[in-house]
S.K.: 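Got a structure here, written out as structure tokens. Questions coming.
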Amino acid sequence: MSDQRKPFPFDEFEPKWQQYWDNHQTFRTPNPGDEDFDVSKPKYYILDMFPYPSGAGLHVGHPEGYTATDIIGRYKKMNDHNVLHPMGWDAFGLPAEQYAIKTGQHPRITTEANVDNFRRQLKELGFGYDWTREVNTTDPNYVRWTQWIFLQLYDSYFNEKTQKAAPVSELEAKGWTREQIDDVRLAFIQEAPVNWSPSMGTVLANEEVEEWKNKGETVERRPLRQWMLRITKYAERLINELDDLDWPESIKLLQKNWIGKSTGAEVRFDIQGHEVSVFTTRPDTLFGATYMVLAPEHPLVSEVTTPDQKESVQAYITSCTSKSDLERGDLNKNKSGIPTGATATNPVNGEQIPVWIADYVMMGYGTGAIMAVPAHDSRDFEFATKFELPVIQVVQPDTNDDWQGFTGNGVSVNSGFLDGLKTREAKNKIIAWLEENDKGEAKVNYKLRDWLFSRQRYWGEPFPILWEDGNHKAVPESELPVLQPEMDDFKPTGSPEGPLAKASDWINYSTTAVRETNTMPQWAGSCWYYLRYCDPHNCERFVSEDAEAYWKNVDLYVGGTEHAVLHLLYARFWHKVLNDLGHVSTIEPFQKLVNQGLILGEDGQKMSKSLGNVVNPDDVVKEYGADALRLYEMFMGPLEQVKPWQMKGVEGVARFLAKVWRLAFEQNQEGEWVLSSKLTDDKPTDKELLKVLHETIKKVGDDIEKLSFNTAISQMMICTNAFGKANKLPALLMRDLLKCLNPFAPHITEEIHHKIGEVFPSAKCSKSRILADRAWPSFNEDFLIEDEVEIVVQVNGKLRGKISISPDTSKDEIEALAQQDANVIQHTEGKTIRKIIVVPGRLVNIVAN
RNA sequence: GCGCGGGUGGCGGAAUUGGUAGACGCGCUAGACUAAGGAUCUAGUCCGAGUUAAUCGGGUGCGGGUUCGAUUCCCGCCUCGCGCACCA
């Protein structure tokens with residue numbers, strides 16, 4: 001596209017203004033203690049989910065959320081807030097490491113190149129970040145504090161009484177042994193079946209398994225000694241403390257479901273001398289338990305199985321382990337199982353019930369064993385039906401429902417001392433009975449499991465841990481950060497030690513101690529980056545007390561739903577630990593959360609290389625300019641909605657920007673842009689123009705607060721169209737429109753403002769020279785008052801006429817005027833008027849028949 | 001299966017203490033300017049009837065209800081998207 005064809009010269013002024021903001025540090029935010037810090041201004045901390053700097057660069061999804069936060073950040077700045085709006089890089093991660101394995105190039109090199117590219121792209125979009133606060137999770141000065149926080153976890157335990165983390169030194173003082181303390185640390189070693197990926201040579205968190213499997217990696221269960229974080233201790237608080245957060249209810253629900261709290265009881269059964277606990281949410285149905293099921297992996301299976309069943313049980317277990325999770329769960333509609341030959345004693349009535357094993361019972365939830373009540377549990381019912389096991393009714397539904405397979409609440413029957421009690425009461429009574437008789441107790445169960453925190457990779461934070469005499473201990477704080485050794489060979493070892501095990505010099509810490517060779521998962525750095533932004537260059541603390549006390553937590557956090565559970569849950573967990581230990585002053589990191597909706601390809605499909613529907617932001621910027629891209633992404637529709645890309649839509653907003661441009665400039669004979677002859681330095685008097693401008697000021701401000709950017713833009717289009725129709729346009733009015741538009745399209749507005757300010761004193765800035773530093777315009781209600789309002793006249797709810805009246809016309813007058821309308825008369829003729837409803841300023845409805 | 005969120009013109013979407021449905025933009029149609037227009041400007045554009053008008057009828061997934069009045073509230077259903085998924 002040649003320069004003459006460009007509707008306005010964005011390619012000239014966009015880089016110019018980006019340079020200006022950079023050189024003048026327009027968006028640098030002073031911290032408490034800085035010379036230019038103004039304590040009287042309220043703070044506003046607005047945060048984007050920082051990107052993983054992939055080799056592919058930004059996709060159009062990034063600028064969606066980033067533009068939204070930039071608009072709000074700029075708007076708050078214009079409204080005299082201290083705005084903290086930083087950006088950084090979640091730069092540890094597998095792609096860089098996989099690339100290193102392939103090419104031998106150090107992941108740091110790849111990462112740096114990718115970061116440079118991302119930074120360039122973001123700057124070319126004109127985002128007002130405080131680049132002096134840029135953080136990078138792989139930076140040694142950042143790793144240091146990630147490791148320091150890990151050591152906080154390592155050196156803490158969860159105090160059940162206070163429901164808070166506390167230093168293990170408290171326990172030492174009480175004389176606890178090392179083993180006892182190691183058993184309660186928030187960061188601890190556990191040997192347990194984990195998800196080991198042979199193809200990647202690392203373990204994975206439960207939460208990550210699906211994602212990597214979908215990418216073609218192999219994952220198997222394997223018992224290994226691994227570092228775990230005791231997030232389960234915070235399950236209750238992670239649920240309860242969601243209450244005061246301004247988050248979408250759906251995201252809160254997602255987190256609650258993930259934590260998966262269920263209340264019920266643990267009941268102890270006896271299998272021929274072996275005690276087996278089961279968890280149930282329906283202890284009131286205990287009398288209806290007609291069999292028991294152990295998970296195939298349950299440790300007691302081999303002990304309780306009778307000799308004649310040994311062979312078939314063994315065969316069944318083998319068949320289960322060969323099944324994938326998908327076969328076992330998703331696709332397996334047909335229940336399978338086999339009797340162990342053993343019987344269990346129902347504690348409540350002494351009945352002997354058969355003990356089966358079946359893979360519909362999971363070892364990972366509850367106790368890995370269940371009491372089966374086929375009458376009132378659909379899965380048990382299905383199983384019992386298939387294997388012809390007895391079904392005993394113990395709940396009578398309140399409704400007319402069939403009791404078979406009825407899982408709702410009702411009244412207990414066939415249940416001895418529970419008979420006649422409502423489900424709720426029956427639960428309480430049986431729990432009291434279990435506790436009295438030492439056969440069980442009330443119990444709360446969570447789906448959430450402890451967080452598997454170690455990985456066998458090179459490109460991650462090494463654990464600041466030493467091993468000596470078979471025991472682990474912390475690396476002294478003064479020695480942080482513990483950085484990875486320089487290596488040429490990044491390949492996984494295929495063993496659970498990871499590639500760091502190959503650096504023999506590095507491993508040997510002293511003659512008696514060796515280093516831990518595991519590294520942390522990528523989540524570690526993103527768990528606390530929002531805190532580091534508050535004080536990114538601090539070498540003494542992860543964040544200074546002053547900075548933390550001032551910035552507190554994030555006021556608005558914007559990012560994709562893909563982090564609705566994991567990242568947000570992990571970060572909340574770390575934040576609570578830091579709060580418990582007195583390092584931060586808030587209990588939650590992110591006060592308000594907004595998820596931007598996915599941008600689909602033009603074909604309505606998710607953007608992907610294979611579909612060829614990916615839109616590259618660089619191309620859009622080149623063709624239409626950064627302002628147009630920003631504006632389009634905000635104009636597409638509501639921020640939180642999923643919406644398809646339309647290149648024609650980009651053209652539309654570019655056309656709008658061109659209209660704004662032409663309000664101020666016109667082309668002369670030579671094709672140069674010169675100031676428009678319509679602009680005047682006069683005091684604005686045109687009532688229509690003042691009205692539309694002030695409506696715009698009001699609506700745009702309100703809409704930004706509501707994050708309704710699309711409607712704000714449409715209002716500015718209305719205003720621009722009105723300005724365009726005027727014969728004369730006072731520069732002062734133009735300036736206020738530019739202020740409104742500035743957060744959305746910062747380059748073009750600065751450019752126009754700068755140019756008209758040189759000629760028209762009225763549009764000039766008094767203090768600073770640029771819009772970004774100016775105050776948001778205030779609107780004047782007086783300009784919004786209408787001389788005449790249009791009132792709709794309906795007859796029986798149907799539109800029959802419109803009348804124009806002064807807004808202070810009385811009800812009676814309105815009624816009278818309405819009935820004078822010719823068309824209204826026609827529709828009421830021959831009818832009796834029953835009622836007239838007058839909605840002031842809106843409508844009249846005449847009810848007649 | 002369970003949970004959550006949606007369904008409004010040819011398209012993206014506006015509008016809710018219940019009060020003119022379709023703002024704004026795209027696309028389309030006609031016209032102006034022009035050597036030309038993929039630039040710009042003007043007019044029109046929910047569907048149907050009506051002479052381009054006035055006007056009339058229908059219309060916010062479907063069916064019912066409440067109301068003077070329902071995209072908005074209530075009941076039942078259909079459908080699309082997302083999440084979880086044998087969680088005892």
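Just the heavy atoms: all of them, side chains too, but no hydrogens, waters or symmetry mates, feed the values below. Residue numbers begin at 1 in each chain, while the letters A, B, ... track the order of the sequences.
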S.K.: Answer with base, sugar-phosphate or nothing: what part of the nucleic acid does Ile370(A) contact at a heavy-atom distance below 4.0 Å?
M.R.: base

S.K.: Under a 3.5 Å limit for both distances, which nucleotide forms a Watson-Crick or G-U wobble pair with G5(B), could you say?
M.R.: C80(B)

S.K.: Using purine N1 to pyrimidine N3 plus N6-O4 or O6-N4 for Watson-Crick, or N1-O2 and O6-N3 for G-U wobble, both under 3.5 Å, which nucleotide pairs with U20(B)?
M.R.: none

S.K.: Let's test your reading of the model: under 3.5 Å, does the base of C86(B) pair with the side chain of Lys335(A) as donor and acceptor?
M.R.: yes

S.K.: Syn versus anti for G13(B), judged by chi lying within 90° of 0?
M.R.: anti

S.K.: Answer with base, sugar-phosphate or nothing: what part of the nucleic acid does Gln641(A) contact at a heavy-atom distance below 4.0 Å?
M.R.: sugar-phosphate

S.K.: Given side chains that start at C-beta, do those of Val793(A) and Arg800(A) come closer than 4.5 Å, heavy atoms only?
M.R.: no

S.K.: What does Gly260(A) touch in the nucleic acid at a heavy-atom separation under 4.0 angstrom: a base, only the sugar-phosphate, or nothing?
M.R.: nothing

S.K.: If you round to the nearest 0.5 Å, how far is CD of Glu790(A) from NZ of Lys802(A)?
M.R.: 5.0 Å

S.K.: Please classify the nucleic acid contact of Lys659(A) as base, sugar-phosphate, or nothing, using heavy-atom distances under 4.0 Å.
M.R.: sugar-phosphate

S.K.: Looking across every strand, which nucleic acid part, if any, lies under 4.0 Å from Asn845(A) by heavy atom: base, sugar-phosphate, or nothing?
M.R.: base

S.K.: Quick one: which of C56(B), C4(B), G27(B) gets closest to the side chain of Ser250(A)?
M.R.: C4(B)

S.K.: Just checking, any donor-acceptor pair under 3.5 angstrom between side chains of Ser677(A) and Glu666(A)?
M.R.: yes

S.K.: Select one nucleotide: of U40(B), C84(B), A88(B), the one nearest the side-chain heavy atoms of Trp258(A).
M.R.: C84(B)

S.K.: How is Lys643(A) classified with respect to the nucleic acid when contacts are heavy atoms under 4.0 Å: base, sugar-phosphate, or nothing?
M.R.: sugar-phosphate

